[in-house]
K.L.:
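Okay, handing you the structure first.
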Amino acid sequence: MDAHFTTGTPGAAAADEHLVREAEKIAVALGRMFPGLCEVVLHDLRDPRHAIRAIENNLSGRQVGDSATELGLARIADPEYPSVIQNYANRFPDGRPAKSTSIGIKNGAGEYIAALCLNLDVSVLSPVTLALSQLVATDTEDRAQPLEALRDRNARELRQAVETRAAERGATPRSLGRDAKKALVRQLHRDGYFDSRDAAQAIADLLGVSRATVYNYTK
């Protein structure tokens with residue numbers, strides 16, 4: 001295919017060049033953000049035979065000045081070609097799998113003049129993904145309740161729990177009857193509130209009973 005140059009005034013050509021230069025800044029910045037992991041290529045579609053304007057993290061072995069890809073040629077031929085093709089499967093020349101995204105850049109006349117392409121090396125991430133999935137995996141045994149909460153039952157949380165459970169019974173903690181207090185204490189015990197230091201005394205104070213009574217209610 002012959003080189004494709006934007007028609008129009010010198011001012012339009014200068015505007016196109018400005019867009020490509022700005023896109024080049026983005027390509028360089030993206031590449032430096034993901035060193036060794038994501039190849040970032042800027043294609044200048046005004047000259048498809050020497051389209052590659054910039055390449056960061058060169059994972060494909062291509063060079064500045066190499067020709068446009070099939071996507072680039074398709075955009076040159078058809079201004080209505082999709083501007084963004086995202087997360088499609090791809091492959092580097094040496095066989096490594098990649099995940100790619102291609103972003104077409106149009107000028108004011110609606111012509112594709114550049115394309116910014118990102119090629120993520122999936123082969124690097126796959127072992128990491130497997131290791132992380134194994135790291136976060138838990139016992140597959142079905143449990144109705146977690147074994148522990150991994151947090152301290154502080155005094156404020158305990159008071160809130162007691163007052164909420166009393167309010168559900170239409171009373172304040174101290175105005176509850178003996179059976180209601182006993183049921184409340186057993187519920188707190190099941191929910192793990194007694195794991196906290198001095199929890200029994202705090203519950204006793206809230207209910208207006210002795211610490212020994214609280215322990216008796218748990219039986």
K.L.:
Are the side chain of Asp78 and the backbone of Arg75 linked by a donor-acceptor contact shorter than 3.5 Å?
P.N.:
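Judged by distance alone, no pair lies under 3.5 Å.
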K.L.:
Is the shortest distance from a Lys or Arg side-chain nitrogen in Arg174 or Asp205 to a carboxylate oxygen in the other one below 4.0 Å?
P.N.:
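A salt bridge is absent here (no side-chain N lies under 4.0 Å from a carboxylate O).
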K.L.:
Evaluate whether atom CZ of Arg159 has more than 12 neighbouring non-hydrogen atoms of other residues, nucleotides or ligands under 6.0 angstrom away.
P.N.:
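Atom CZ in Arg159 is not packed in, count stays at 12 or less.
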K.L.:
Treating Arg186 as the side-chain partner and Tyr217 as the backbone partner, does any N or O pair qualify as donor plus acceptor under 3.5 Å?
P.N.:
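Yes, the answer is positive, given that a donor and an acceptor are paired below the 3.5 Å cut-off.
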K.L.:
Are Glu22 and Lys25 close enough, and set up right, to give a salt bridge (charged side-chain N to carboxylate O under 4.0 Å, His left out), and what steps lead you there?
P.N.:
CA-CA 5 Å; Glu22 291 300 300; Lys25 295 178 185 177; 3.0 Å; yes
K.L.:
Do Tyr112 side-chain atoms and Tyr81 backbone N/O form a donor-acceptor pair below 3.5 Å?
P.N.:
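Side chain of Tyr112 to backbone of Tyr81, a donor-acceptor pair under 3.5 Å: yes, one is there.
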K.L.:
Check the pair Leu188 / Thr218 against side chain to side chain contact (heavy atoms under 4.5 Å, CB included), numbers first and verdict last.
P.N.:
CA-CA 9 Å; Leu188 292 172; Thr218 64; over 6 Å; no
K.L.:
Please check if the side chain of Asn57 supplies one atom and the backbone of Cys38 the other of a donor-acceptor pair under 3.5 Å.
P.N.:
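Side chain of Asn57 to backbone of Cys38: a pair is present.
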K.L.:
Measuring only between side-chain heavy atoms, which start at C-beta, is Asn119 closer than 4.5 Å to Ser60?
P.N.:
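No; the side chains remain at least 4.5 Å from each other.
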K.L.:
Working to the nearest 0.5 angstrom, can you tell me the gap between Lys219 NZ and Lys182 NZ?
P.N.:
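The NZ atom of Lys219 sits 10.5 Å away from the NZ atom of Lys182.
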K.L.:
Would His43 and Cys117 count as a side chain to side chain contact (heavy atoms under 4.5 Å, CB included) if you check the C-alpha gap in whole Å, the side-chain angles of each, and the deciding distance to 0.1 Å?
P.N.:
CA-CA 8 Å; His43 298 270; Cys117 301; 3.7 Å; yes
K.L.:
Using a strict cut-off of less than 4.0 Å between a Lys/Arg side-chain nitrogen and an Asp/Glu carboxylate oxygen, indicate whether Lys99 and Glu39 qualify as a salt bridge.
P.N.:
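Here Lys99 does not pair with Glu39 in a salt bridge, since their nearest N and O are not under 4.0 Å apart.
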K.L.:
With a 4.5 Å heavy-atom cut-off, do Leu116 and Thr101 have their side chains touching?
P.N.:
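No. Closest side-chain heavy atoms not under 4.5 Å.
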K.L.:
Between Arg165 (side chain only) and Ala161 (backbone N and O only), is there a donor and an acceptor less than 3.5 Å apart?
P.N.:
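Answer holds: yes.
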K.L.:
Give the C-alpha distance, both sets of side-chain angles, the deciding distance and a yes or no for side chain to side chain contact (heavy atoms under 4.5 Å, CB included) between Phe92 and Val122.
P.N.:
CA-CA 10 Å; Phe92 292 111; Val122 179; over 6 Å; no
K.L.:
Looking only at atom types and distance, does a side-chain atom of Arg190 sit under 3.5 Å from a main-chain N or O of Val185, one as donor and one as acceptor?
P.N.:
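Answer holds: no.
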K.L.:
So does Arg53 pair up with Glu24, basic N to acidic O under 4.0 Å?
P.N.:
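Salt bridge present between Arg53 and Glu24.
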K.L.:
Counting distance only, does the side-chain N/O of Thr164 pair as donor-acceptor with the main-chain N or O of Gln160 below 3.5 Å?
P.N.:
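Yes, because the side chain of Thr164 sits within donor-acceptor range (under 3.5 Å) of the backbone of Gln160.
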